[in-house]
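Below: one structure, written as structure tokens.
One-based numbering, in listed order, for ligands and for the atoms of each. Atom set for the values below is all heavy atoms of this structure, side chains included, hydrogens, waters and symmetry mates excluded.
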Amino acid sequence: MFEALEKIRREALKRVDAVAENAELEAVRVEYLGRKGRLTEKLRRLGSLPPEDRPRAGALANEIKGDIQRRLTARAAELSAPRREVPQLDYTLPGRRFEVHRRHPVNQVIDELVDIFCDLGFTTAEGPLIEDEYHNFDALNTPADHPARDEKDTLYLEGCDLLLRTETSPVQIRTLETTKPPVRIIAPGRCYRNDTADARHYPVFHQIEGLWIDKGVSFAHLKGVLMEFARALFGSKTRVRFRPHFFPFTEPSAEIESTCPACGGDGCRTCSGTGWIELGGSGMVDPAVLEPMGVDTEMFTGFAFGIGPERIAMVRYGIDDIRLFYENDVRFLEQF
Ligand code: DAH
């Protein structure tokens, strides 16, 4: 009898521990403690034991009943406790790469050009990307029949007289409208043209405009400033040359070229074998631009220039297609 009771205790407790859901606990309870349960059965048969064994057997059976009941209650509490979500972590996985974001290569070059001109005493100015014909063309002495005004070259906004500025030169006009000379500004910014994209053209690009108006400013100052600029950019051995050109708002006008920083002027792939690369346009501001702005052109003269940062970025980084700057392919951009 005692043996049998101990066996029931062992089995019952093991069964309770193995239960995985609350509903099963009730089945186990009934199996051992129910009216026809295995322990209940034993209790009922205590009377058939020899009298001297009855008290001990009764006490043991009751002890076992208590044990099973306590274990049932404890297991029920365990099963109904809210389960903590243990995150499934794989500690052997490699870490995630920390992405360091960078400035766009064209913006890096613009920042550098702005720094150089600020060292030369220029301050920065700004103008709107959406311009009117007056600031973009008329005030810059660009005649009404000039081909640049054609829709083939200029992006006009529908239903109004506005356009996307084709150059940063209108900032010259906006500055002169609000500032009396002396003026010494640069204006970096975006420009738009109705161009088909190819390796050298893109409908969006940047320019850095420069304007210096003061008493006695001459073409020699223009050359000096742009030579200093080219040397700060490409190194002290850089040479600069000016080739006669035409712009409506400058007279005389010149294209600015520097020796190619890739070959030092010997000729290479970057400069198409010429040894020279084009940096932009420049010239002495035409009195026809200054006079309507109320500038006394007997007293004040000045020069202007426009530099293309995309071209400089292409030369500096050996990029042969301007479209790469605007495709936003991170595999390209993260190299800078
Ligand atoms: N705006 C001219 C262009 O887009 C560049 C330029 C040439 C700007 C001569 C100037 C300048 O200020 O003096 O081609």
> Using links of under 4.5 Å between side-chain heavy atoms of ILVMFWY residues, direct or through other members, which residues join Tyr156 in one cluster?
Replying inline: Phe137, Leu163
Sub-3.5 Å pairs, protein N or O with ligand 1 N or O:
| from | atom 1 | to | atom 2 | distance (Å) |
| --- | --- | --- | --- | --- |
| ligand 1 | 1 (N) | Glu167 | OE1 | 2.7 |
| ligand 1 | 1 (N) | Ser169 | OG | 3.0 |
| ligand 1 | 4 (O) | Glu167 | OE1 | 3.4 |
| ligand 1 | 4 (O) | Arg193 | NH2 | 2.8 |
| ligand 1 | 4 (O) | Gln207 | NE2 | 2.8 |
| ligand 1 | 12 (O) | Gln172 | NE2 | 3.1 |
| ligand 1 | 12 (O) | Glu209 | OE2 | 2.6 |
| ligand 1 | 12 (O) | Phe305 | N | 3.3 |
| ligand 1 | 12 (O) | Phe305 | O | 3.3 |
| ligand 1 | 13 (O) | Ala304 | O | 3.1 |

> Can Arg56 be said to sit on top of Phe2's aromatic six-ring, NZ or CZ under 6.0 Å from centre and within 45° of the ring axis?
Replying inline: yes
>> Suppose the criterion is side-chain hydrogen bond (donor to acceptor under 3.5 Å, both in side chains): which pairs have a residue in residues 40-50, not counting sequence neighbours?
In response: Glu41-Arg44
> Quick one: hydrophobic cluster around Val30, which other residues, with the 4.5 Å side-chain cut-off, linked directly or via members?
Replying inline: none
> Quick check, are the ring centers of Phe305 and Phe117 under 6.0 angstrom apart?
Replying inline: yes
>> I want to know whether Phe325 and Tyr202 have ring centres closer than 6.0 Å.
In response: no
